[in-house]
Amino acid sequence: MRTSQYLLSTLKETPANAEVISHQLMLRAGLVRNLASGLYTWLPTGLRVLKKVEQIVREEIQRAGGNEILMPMVQPADLWQESGRLEDYGPELLRINDRHKRPFVLGPTHEEVITKLVANELSSYKQLPLNVFQIQTKFRDEIRPRFGVMRGREFLMKDAYSFHLEDECLEKTYQIMFDAYCRIFERLELNFRPVLADTGSIGGEKSHEFHVLADSGEDDIAFSDASDFAANIEKAEALAPTGERAAPTQELTKVATPNVKSMDDLVQCLSVDLKTTVKTLLVVGATTEDAAETVVALVLRGDHQLNEIKAEHLPQIASPLTFASEEQILAAANCNAGSIGPVGLNIEVIVDRSAAHLSDFVCGANEDDAHLTGVNWQRDCNDISVHDIRNVVAGDPSPCGQGNIEIKRGIEVGHIFQLGRKYAEAMNCAVLNEGGKNQTLTMGCYGIGVSRIVAAAIEQNHDKYGIKWPKAIAPFQVAIVPMNMAKSARVKETAEALYESLNQAGIEVLFDDRKERPGVMFADHELMGTPLLLIIGERNLDAQQVELKNRITGEKSLIAIDEVMSLFN
RNA sequence: CGGUGAUUAGCGCAGCUUGGUAGCGCACUUGGUUUGGGUCCAAGGGGUCGCAAGUUCGAAUCUUGCAUCACCGACCA
């Protein structure tokens with residue numbers, strides 16, 4: 001490709017509304033352009049990268065036994081009615097009507113469509129297991145699209161689905177896909193980790209996320225510093241403190257704490273360690289039939305954070321987790337949010353394991369501007385249940401039993417689930433088993449965010465000059481950069497000849513035939529991240545040499561023109 | 001959806017407080033100059049100042065409403 005024929009749209013200045021580095025560089029290097037919130041056009045350079053990621057994903061999923069298909073992006077709402085997700089999925093699901101006013105949705109995922117298809121196509125256990133996938137545009141009407149293509153509303157995703165008669169078989173395919181995912185991210189040369197994950201709205205039993213480690217990531221990942229253990233913080237278990245709880249030594253005392261609204265205020269006011277206090281949060285309880293909305297108290301040590309996922313998994317608590325309103329708080333605790341405590345509270349009290357291990361602690365008195373000190377479980381507050389409801393923090397013992405927790409940020413680029421029979425049951429997806437009886441299938445589902453990977457790769461591979469593509473996904477393998485070609489016939493001749501040979505050899509080469517100054521060309525190629533530059537100038541032509549510059553290492557060397565082609569063998 | 005902020009040329013911004021009919025840098029076009037790291041000189045083109053209403057002799061500027069975009073929270077590949 002010659003730059004004179006190429007849509008090379010680089011920007012010198014950073015667009016104002018791009019926050020993270022990958023978004024800035026994708027705009028500056030001319031990979032994408034914004035159309036509307038969360039919607040992006042892929043320009044030639046970006047599309048080249050996207051296609052390469054897509055191809056690597058395709059090859060590895062095929063190697064793992066996947067059959068590629070392509071399902072419509074527009075799906076009848078009826079199907080979603082059938083699975084129950086028309087209501088469950090919420091406003092992220094974009095609903096549309098056709099000209100006959102028939103309801104459709106824009107597919108955010110394809111469990112319904114594929115399950116329906118398989119239900120129709122398969123009739124015997126002999127056809128199992130089956131693994132099918134597609135690489136398709138998805139639409140999710142995200143509440144807040146951000147960070148460019150990292151969280152767009154429209155995005156490219158590889159989604160695979162496997163079907164099995166028995167759970168053991170699903171388990172096997174799950175492992176095969178797990179391995180395929182590892183190979184994919186290895187080929188992409190990304191620094192990634194598989195982590196234990198919550199199954200979220202898709203539902204199911206076992207689940208791993210694949211995260212690319214980067215500070216700009218939106219998820220916190222908990223690692224053990226002594227083993228392979230890694231889990232999304234949503235999922236990472238906070239172990240109960242070891243040893244017996246210390247016996248009470250203090251009297252229960254009410255102290256005045258005027259204007260104390262937050263934990264910080266409390267620590268200031270009473271000069272106590274945050275770790276010897278507890279905070280009490282009121283949330284809406286699970287609604288029972290014909291009963292009014294109830295309120296449940298959650299008690300955490302002052303320095304800990306509530307893990308909303310863990311909390312909403314408890315049967316006593318409404319899902320999604322909802323905090324109690326001011327009126328509900330007043331009604332349940334007789335005070336405002338800053339002074340709630342578990343002592344004498346007339347509602348269900350759920351205490352975190354760490355908070356439950358405290359003795360002689362400080363808490364709200366259920367009376368404005370007052371707290372209790374010297375509080376002790378059992379003696380002062382008895383009717384409680386203890387659960388793990390907090391986020392792990394760095395330094396906690398790892399739940400795997402080895403080492404301590406470290407926390408890093410990650411970008412979720414893949415997610416695999418063992419779905420079980422949820423969709424197969426809803427969509428009536430069954431085959432005849434060996435005994436000639438109808439048997440509902442069990443399913444796995446496996447996603448990869450193809451467009452998100454492009455952004456994630458940049459987050460991990462850039463410097464102050466621009467993108468440093470991993471070789472496997474660079475838009476071009478090499479760029480020819482001639483110095484002052486307009487004035488030097490020799491330079492032009494050499495550049496044209498090299499371009500011709502590289503093209504002949506099927507190497508993706510970008511020939512910078514613009515009439516630009518060298519600095520402009522260097523800057524553009526560095527921004528775009530082409531791994532190799534062939535710099536052709538009068539300076540080295542007498543010796544029949546050209547200069548080779550490696551974008552990744554920054555190394556420069558001279559190479560005989562005759563040797564150039566051998567670089568690509 | 002809640003909180004915050006923005007919207008003036010393709011991009012980045014100034015002008016708004018104190019109303020008088022729009023400017024800077026980059027990019028673009030033409031001519032010259034320069035040619036191994038974003039040259040320099042000169043001349044040019046390009047703007048319904050997000051939209052609508054109001055106040056006023058007069059609105060980018062003041063008022064009100066709306067829209068869009070972004071940031072912080074809940075969602076997720």
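Letters A, B, ... are given to chains in the order of the sequence lines, protein chains preceding strands, and every chain is numbered from 1. Keep in mind it's a predicted model, so treat the numbers as computed, not measured.
Pair assignment for B:U68: B:A6, on the basis of Watson-Crick or G-U wobble contacts that are both within less than 3.5 Å. Partner assigned to B:G45 is none, using Watson-Crick or G-U wobble distances below 3.5 angstrom. Under the Watson-Crick or G-U wobble criterion, with both distances below 3.5 Å, B:U61 has no partner in any strand shown. Across every strand in view, B:C24 sits in a pair with B:G12 that passes the Watson-Crick or G-U test at under 3.5 angstrom. Base pairing of B:G36 is not made with any nucleotide, judged by Watson-Crick or G-U wobble geometry with both donor-acceptor distances under 3.5 Å. Under the Watson-Crick and G-U wobble criteria, each requiring two contacts below 3.5 Å, nucleotide B:U56 is left unpaired. Of all nucleotides present, only B:G73 satisfies the Watson-Crick or G-U wobble test against B:C1, with each distance under 3.5 Å.
The nearest whole Å value for the distance from the CZ atom in A:Arg514 to the P atom in B:G38 is 14 Å. Taking atom CG on A:Leu7 and atom P on B:G10, their separation rounds to 17 Å, with Å as the unit. Between A:Gln136 atom CD and B:A77 atom C1' the separation is 14 Å, expressed in whole Å. Separating the CE atom of A:Met150 from the C1' atom of B:C76 is a distance of 13 Å, rounded to the nearest angstrom. One atom, CG of A:Asp219, and another, P of B:G73, lie 12 Å apart when rounded to the nearest Å. A:Lys515 places its NZ atom 11 Å from the C1' atom of B:G31, with the value rounded to the nearest Å. Spacing between atom CZ of A:Phe210 and atom P of B:C76 amounts to 19 Å, rounded to whole angstrom units. Between A:Leu527 atom CG and B:G38 atom P there is a gap of 16 Å when expressed in whole angstrom units.
Separation of the C1' atoms belonging to B:G54 and B:G47 is 25 Å when rounded to the nearest angstrom. To the nearest whole angstrom, the two P atoms, one in B:G46 and one in B:C40, are 25 Å apart. Rounded to whole Å, the separation between the P atoms of B:A60 and B:U8 comes to 15 Å. Comparing the C1' positions of B:A14 and B:G25 gives an interatomic distance of 11 Å, to the nearest angstrom. Separating the P atom of B:C69 from that of B:C28 is a span of 29 Å, rounded to the nearest Å. Across B:C26 and B:A9, the matching C1' atoms stand 12 Å from one another, rounded to whole Å. Rounded to whole Å, the P atom of B:A67 lies 44 Å from the corresponding atom of B:U30.
Between A:His208 and A:Tyr174, the ring planes lie tilted relative to each other; the angle falls in the 30° to 60° range. A tilted orientation is assigned to the rings of A:Tyr499 and A:Phe511, their planes being inclined by 30° to 60°. Classified by interplanar angle (parallel below 30°, tilted 30° to 60°, perpendicular above 60°), the ring pair A:Phe476/A:Tyr6 is perpendicular.
Between the side chain of A:Glu312 and the main chain of A:Leu321, a donor-acceptor pair closer than 3.5 Å is present.
The residue A:Gly537 sits close to a base: some heavy atom pair falls under 4.0 Å. Counting non-hydrogen atoms under 4.0 angstrom, A:Val413 reaches the backbone sugars and phosphates but no base. Residue contacts shown for A:Lys158 are absent, as no nucleic acid heavy atom lies under 4.0 Å away. Residue A:Leu11 is classed as having no contact, given no heavy-atom separation below 4.0 Å to the nucleic acid. Among the atoms of the strands shown, none is found under 4.0 Å from any heavy atom of A:Glu312. Residue contacts for A:Asp524: at a heavy-atom cut-off of 4.0 Å it reaches a base atom on one of the strands shown.
Side-chain atoms of A:His525 and A:Asp512 form a donor-acceptor pair, as typed in the model, at a separation below 3.5 Å. In this model, a donor atom of one side chain and an acceptor atom of the other lie less than 3.5 Å apart for A:Asn232 and A:Glu209. A donor-acceptor pair shorter than 3.5 Å can be found between the side chains of A:Asp159 and A:Gln134.
Taking the 5.5 Å centre cut-off and the 30° plane limit, the aromatic side chain of A:Phe522 is not classed as stacked on B:G38.
OP1 or OP2 of B:C72 has at least one side-chain nitrogen or oxygen of A:Arg144 nearer than 4.0 Å. Contact between the side-chain N/O atoms of A:Arg539 and the OP1/OP2 oxygens of B:G36 is not found at any separation under 4.0 Å. Between A:Lys12 and B:C26 there is no side-chain polar atom (N or O) within less than 4.0 angstrom of OP1 or OP2.
Residue pairs meeting the salt bridge (charged side-chain N to carboxylate O under 4.0 Å, His left out) criterion with at least one member in residues 174-187 of chain A, sequence neighbours excluded, are A:Glu59-A:Arg187, A:Glu60-A:Arg183, A:Glu60-A:Arg187.
Ring to ring, A:Phe185 and A:Phe210 are close: their centroids are under 6.0 angstrom apart.
Side-chain contact between A:Trp469 and A:Ile552 is absent, with no heavy atoms from C-beta onward closer than 4.5 Å.
Interface residues of residues 39-73 of chain A facing RNA chain B, ordered by number: none; criterion, heavy-atom separation under 4.0 Å.
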